Amino acid sequence: MKKHNFSAGPCILPQEVLLKASEAVQDFNGSGLSLIEMSHRSKEFVEVIENARALALEILDLEDKGYKALFLTGGASMEFIRVAYNLLETKAGYLNTGTWSNNAIKEAKLFGEVVEVASSKEEGFNHIPKMFGVPNDLDYLHITSNNTIYGTQMKTFPKVNIPLVCDMSSDIFSRQLDFSQFDLIYAGAQKNMGPSGTQLVIIKEDILGKVTRKIPSILDYQIQIAKESMFNTPAVFPVYTTMLNLEWLKGLGGISVIEELNNKKAQLLYSEIDLNPVFKGYAKEEDRSTMNATFTLTDEKLKDTFDAMWKEAGVSGINGHRSIGGYRASMYNAMSLESVGVLVDVMSEMERKA
Ligand SMILES: Cc1ncc(COP(=O)(O)O)c(C=O)c1O
């Protein structure tokens with residue numbers, strides 16, 4: 001039986017994407033070769049990566065606006081380093097909204113001064129700081145649009161006149177935004193795009209080339225752009241699967257359509273969390289993520305019963321991150337409203353039993 005997969009990442013992907021990806025592993029488009037045994041420089045694969053890069057820009061409405069899309073390797077964590085390497089000359093600003101921004105800060109400190117413009121650490125990262133100043137003399141401001149572990153999501157973004165860099169790993173392609181307000185967006189594929197092993201980086205080219213340090217080739221965004229994401233062997237299978245997923249999203253009608261579904265799923269689950277006395281939400285209401293809903297039991301003694309019930313219902317992957325415990329239900333693009341309904345039914349059944 002196929003599980004209702006609420007895993008935070010690697011995560012659920014559309015069934016048709018999984019099917020096409022698995023077919024390509026056997027035989028890529030009738031070529032007599034598996035996708036993963038053909039040259040990344042073959043005409044067939046170059047078309048794949050070009051298509052994936054173009055689709056990413058198209059879906060985000062960033063075509064012809066000075067942006068380049070790259071599929072690189074090393075995960076979003078590699079971009080913590082590349083961003084600082086390429087952009088941090090003296091001082092950068094970081095908004096600290098959780099573990100991942102904290103990790104990005106740690107890496108950036110190896111390259112220059114880091115100003116933490118605001119932090120919600122004292123309150124266990126249960127909200128997004130709203131009122132904070134951003135000095136004008138920063139090389140860039142780094143934010144994390146969705147905090148996968150704590151289940152908070154930025155609903156508005158600071159208006160700044162320095163480059164705005166966004167780690168969008170866990171909510172890219174999930175909601176409509178003016179993506180041109182960001183100068184650099186990066187996202188690990190394994191949340192809403194495809195398998196782990198690649199990350200999408202979208203860069204406004206004119207922010208590059210301003211630091212004086214020498215940059216190793218593989219870490220240099222300008223070289224990666226010049227080599228069209230082929231400086232070294234790209235992650236062919238993750239890039240192909242991401243391409244399929246972006247085609248799937250475009251076929252559905254793009255971000256506006258998926259956003260509507262994502263909002264419905266989030267409303268269904270959060271209203272259960274709010275109405276059911278057995279559960280309590282972790283994130284402050286106004287900052288709740290539509291992608292990752294975090295909650296706890298109000299009585300820990302119910303844990304064994306609840307765990308047995310959701311497992312029995314075919315629900316998978318709702319254990320909270322080890323750093324905060326409790327539960328986390330991730331509802332990425334491919335998750336159906338019906339699957340969220342299954343979890344909600346288990347939660348109301350838990351209330352009846354408690
Ligand atoms: C928001 C965010 N940023 C960065 C990362 C790190 O990604 P990776 O494991 O691809 O380095 C994660 C992983 O969960 C994440 O959720």
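This structure is a prediction, so every number in the text was calculated from the model and none was measured. In each ligand, atom 1 is the first atom listed, and ligand 1 is the first ligand listed.
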Determine the sole option in Met350, Lys311, Glu349 for which the side chain to side chain contact (heavy atoms under 4.5 Å, CB included) test with Phe306 is passed.
Met350

Please could you name the atoms of ligand 1 that [X] approaches to less than 4.0 Å, counting only its heavy atoms?
X: Lys191; value: 13 (C), 14 (O), 16 (O)
X: Asn146; value: 1 (C)
X: Gln190; value: 7 (O), 8 (P), 9 (O), 10 (O)
X: Gly75; value: 10 (O), 11 (O)

Are a donor atom and an acceptor atom from the side chains of Thr152 and Asp287 found within less than 3.5 Å of each other?
no

Side chains of Asn262 and Met291: closer than 4.5 Å at any heavy-atom pair?
yes

Please write down residue, atom name and distance for the protein heavy atom closest to [atom].
atom: atom 11 (O) of ligand 1; answer: Ser77 OG, 2.5 Å
atom: atom 4 (C) of ligand 1; answer: Asp167 OD2, 3.4 Å
atom: atom 1 (C) of ligand 1; answer: Thr148 OG1, 3.4 Å

Which is it for Glu44 and Asn29 under the side-chain hydrogen bond (donor to acceptor under 3.5 Å, both in side chains) test, yes or no, and what are the steps along the way?
CA-CA 9 Å; Glu44 288 85 350; Asn29 289 346; over 6 Å; no

Heavy atom under 4.0 Å from ligand 1: found in Phe80's side chain, backbone, both, or neither?
side chain

Within reach of ligand 1, part of Ser169 (heavy-atom separation under 4.0 Å):
side chain

Decide, yes or no, whether a salt bridge links Lys20 with Glu23 under the criterion of side-chain N to carboxylate O below 4.0 Å.
no

Geometric N/O contact Ser170 with ligand 1, under 3.5 angstrom
no

Nitrogen or oxygen of Ala76 less than 3.5 angstrom from that of ligand 1:
yes

Passes side chain to side chain contact (heavy atoms under 4.5 Å, CB included), Ser170 versus Tyr332? Steps please.
CA-CA 8 Å; Ser170 48; Tyr332 296 115; 4.0 Å; yes

Within less than 4.0 angstrom of ligand 1, does Met168 place any heavy atom?
no

May I ask whether Met78 has any heavy atom positioned less than 4.0 angstrom from an atom of ligand 1?
no

Over 60° means perpendicular and under 30° means parallel, so classify the ring planes of Trp100 and Phe80, tilted if in between.
tilted

Return the orientation label for the Phe279 and Phe295 ring planes: parallel under 30°, perpendicular over 60°, tilted otherwise.
perpendicular

Measure across Lys265 and Asn333 and return the closest heavy-atom pair with its distance rounded to 0.1 Å.
NZ-O, 3.8 Å

